[in-house]
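Worksheet: one structure, shown below.
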Amino acid sequence: MKFVSTRDKKTWVSGQQAIVQGISEEGGLFVPECFPRLMPLGELLNLSYQELAYEILSLYFEDLGETSLQMAVDAAYDEKFPTEVVPMHSIGNSTFLELFHGRTLAFKDMALSILPHLMKASAEGLGEEREIIVLVATSGDTGKAALEGFSGAKGIEVSVFYPDGGVSEMQRLQMVTTQGENTYVCGIRGNFDDAQTGVKKIFADPSFTQELMQKGYILSSANSINIGRLIPQIVYYVYGYLQLLKEEKIKGGEKIHVCVPTGNFGNVLAAYYAKEMGLPLDRLIVASNDNRVLTDFFSEGIYDGDRPLYLTSSPSMDILISSNLERFIYHSSNEDAQAVMDAMDSLKQNRRFDWQSQIKDPSIYAYMADEVAVSESIRELYLEHGYVMDPHTAVAYSAVQQYRSETGDSAQILIASTASPFKFAGKVLKSIGHEVPQDEFKAVEDLAQLMEIPVPTAVQELLELEERHRDLCQPEEMEEMLCKKYLRGTND
């Protein structure tokens with residue numbers, strides 16, 4: 001399997017190179033040259049999550065070798081997760097795929113638990129002896145998952161930039177209390193799009209990357225722009241479908257829908273890839289919050305990021321420039337790399353591009369849920385079924401309700417439940433109708449009592465950890481902060 005750039009089909013690399021390099025030199029994202037076909041579902045039906053992950057990843061990253069790939073899977077999906085790596089909870093014809101049972105209580109753990117092992121194995125396979133700096137922009141959850149996944153990894157440093165004031169207090173504390181000696185966290189006085197743009201500028205700066213190389217470093221990424229982060233996300237959609245089969249909620253070959261709350265489009269793109277591989281998925285429901293740029297794109301065919309960014313109770317979706325959409329428009333345009341290049345140039349210059357003539361996938365539906373709808377969804381599901389979900393999942397649940405109301409479709413829908421309600425305890429309690437304590441940890445305790453389960457260990461530990469990372473900078477100073485850290489060694 002080779003991986004080509006979305007902006008230049010003549011540029012291709014191996015799986016190992018795609019993982020280590022992160023993005024193509026001209027700024028494009030790596031995509032597989034073709035979609036491999038899944039094995040017959042009957043042969044996959046009784047596999048564990050770990051076994052299924054190995055089978056799917058081996059279709060893309062054969063060059064890693066069986067031993068390295070198996071070791072990566074075993075190291076990723078171990079005791080960090082419960083016995084059932086991805087629990088599921090069904091309510092009628094909607095099933096919640098609970099992706100938040102890893103160490104950081106968010107779906108990012110599912111891929112960022114294995115990416116460090118894939119990256120290390122890839123570097124070794126390429127004979128790469130330089131130290132890798134993994135550069136991350138986060139809207140809340142990716143940062144901590146990357147810090148957790150790469151912490152202590154030999155030969156790898158990880159640096160995370162997050163929007164100061166643009167993440168929940170729980171998300172902030174998870175990042176700034178990180179203990180690993182190879183970790184660095186810096187807040188920026190801006191939003192996630194500023195952080196993401198800053199990271200891309202750093203990758204595109206040849207003088208800076210050359211200076212890093214002279215010091216024995218190379219850059220890579222842990223955002224879903226890295227194909228090694230995206231491909232593992234395919235696994236849980238296949239796993240979810242197989243579980244529905246085992247529970248006899250669907251019949252073999254029966255098509256289901258998938259609904260994903262998304263801002264950067266990576267999680268829903270993984271479902272799209274699963275569909276292209278032959279998983280019987282019919283419709284992909286894209287769910288946005290008040291930052292409805294994706295909803296408008298799929299409704300109108302125009303991507304318009306030139307609008308205010310709203311800070312919502314689902315901060316991981318507070319995004320206006322959706323990086324992984326680039327991969328989708330590449331596939332949807334019959335791999336027209338020039339059209340993608342033109343669209344991305346327009347997005348860079350004007351924060352918008354017109355794709356009306358290119359959209360050819362009628363199976364994608366898009367909806368949005370504002371803060372009122374989010375609260376109503378959380379309250380409704382709790383009062384009627386006793387099930388508690390976080391605001392991101394509530395955006396998806398609202399989208400499902402809108403879809404069913406619009407279409408009358410009663411088919412089985414798999415909902416990506418992307419974060420633990422404990423990470424947003426205040427919003428959840430307020431939505432249900434409970435008084436919200438000023439202290440966030442007291443809110444977590446109240447929510448645990450309401451749910452009749454213990455406070456997660458990952459949350460309890462935050463009370464005892466000191467804040468180690470206190471740096472703040474302007475978006476235009478991000479490169480300078482890295483210079484201080486890695487070239488001059490003046491950051492703590």
Side-chain angles (χ1 to χ4, degrees), residues 87 89 91 94 96 98-107 139-141 144 162-177 187 261 263 287-291 309-318 368-402 415 417-467:
H89 186 92
I91 298 175
S94 296
F96 294 87
E98 294 187 349
L99 304 171
F100 54 79
H101 291 277
R103 285 180 176 171
T104 74
L105 308 180
F107 84 96
S139 55
D141 289 330
K144 177 56 179 176
Y162 72 94
D164 184 43
V167 299
S168 75
E169 179 62 8
M170 189 74 69
Q171 290 172 317
R172 188 190 73 84
L173 285 173
Q174 283 186 313
M175 289 186 281
V176 300
T177 58
S288 301
N289 61 16
D290 279 307
N291 298 293
L309 179 75
Y310 299 107
L311 299 182
T312 73
S313 63
S314 48
S316 294
M317 301 163 64
D318 292 346
M368 64 82 62
D370 60 19
E371 286 299 293
V372 173
V374 167
S375 293
E376 289 177 347
S377 295
I378 292 172
R379 179 178 174 82
E380 172 191 325
L381 205 59
Y382 174 73
L383 293 180
E384 294 184 6
H385 302 282
Y387 188 72
V388 180
M389 59 183 172
D390 90 292
H392 301 76
T393 308
V395 170
Y397 181 74
S398 176
V400 167
Q401 299 301 89
Q402 294 176 60
I415 300 174
S417 184
T418 56
S420 166
F422 285 107
K423 298 191 77 169
F424 309 93
K427 174 67 174 180
V428 174
L429 288 172
K430 183 177 180 180
S431 299
I432 290 174
H434 283 251
E435 183 178 348
V436 182
Q438 288 189 344
D439 182 82
E440 186 157 355
F441 288 96
K442 179 61 170 65
V444 168
E445 292 174 357
D446 288 355
L447 183 58
Q449 187 174 9
L450 182 74
M451 296 174 67
E452 299 182 344
I453 60 175
V455 174
T457 302
V459 177
Q460 290 178 329
E461 290 175 345
L462 291 179
L463 289 170
E464 305 169 2
L465 298 174
E466 66 170 317
E467 296 188 25

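Residues take their numbers from the sequence shown, with the count starting at 1.
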For residues [X] and [Y], determine if any side-chain heavy atom of one lies less than 4.5 Å from a side-chain heavy atom of the other.
X: V444; Y: M170; value: yes
X: Q171; Y: K144; value: no
X: D141; Y: K423; value: yes

Closest approach of [X] to [Y] (non-hydrogen atoms, all atoms of both residues):
X: K427; Y: P391; answer: CG-CG, 3.7 Å
X: I378; Y: A394; answer: CG1-CB, 3.6 Å
X: S316; Y: G140; answer: OG-CA, 4.3 Å
X: P315; Y: V167; answer: CB-CA, 4.3 Å

For [X], what residues pass the side-chain contact (heavy atoms from CB on, under 4.5 Å) criterion, not counting sequence neighbours?
X: T312; result: N289, D290, N291, Y310, S314, D318, E371
X: Y382; result: V388, I432, L450
X: A369; result: A373, V374, V395, S398
X: D446; result: L429, P437, K442

(message) Can you tell me which residue among P456, P87, S420 is in a side chain to side chain contact (heavy atoms under 4.5 Å, CB included) with H101?
(response) P87

Spacing of [X] atom [atom1] and [Y] atom [atom2] [to the nearest 0.5 Å]:
X: Q174; Y: T104; atom1: CD; atom2: OG1; result: 6.0 Å
X: E384; Y: R379; atom1: CD; atom2: CZ; result: 10.5 Å
X: L105; Y: F100; atom1: CG; atom2: CZ; result: 8.5 Å
X: T177; Y: E464; atom1: OG1; atom2: CD; result: 11.0 Å
X: S377; Y: Q402; atom1: OG; atom2: CD; result: 8.5 Å
X: S288; Y: M317; atom1: OG; atom2: CE; result: 5.5 Å

(message) Test: salt bridge (charged side-chain N to carboxylate O under 4.0 Å, His left out). Region: residues 163-173. Which pairs qualify, not counting sequence neighbours?
(response) E169-R172, R172-E467

(message) Between F422 and V428, does the side chain to side chain contact (heavy atoms under 4.5 Å, CB included) criterion hold? Intermediate values first, please.
(response) CA-CA 8 Å; F422 285 107; V428 174; over 6 Å; no

Residues two or more places apart in sequence or in another chain: which of them pass side chain to side chain donor-acceptor pair (under 3.5 Å) with [X]?
X: E380; answer: Y397
X: S431; answer: S375
X: Q449; answer: none
X: Q460; answer: none

(message) Tell me which pairs pass ring pair (Phe, Tyr, Trp, His ring centres under 6.0 Å) where either residue lies in residues 424-458, with sequence neighbours left out.
(response) H392-F424

(message) So, using ring pair (Phe, Tyr, Trp, His ring centres under 6.0 Å) as the criterion, who are the partners of H89 when residues are at least two apart?
(response) Y387

(request) Quick one: list whatever passes salt bridge (charged side-chain N to carboxylate O under 4.0 Å, His left out) with D390, sequence neighbours left out. (result) none

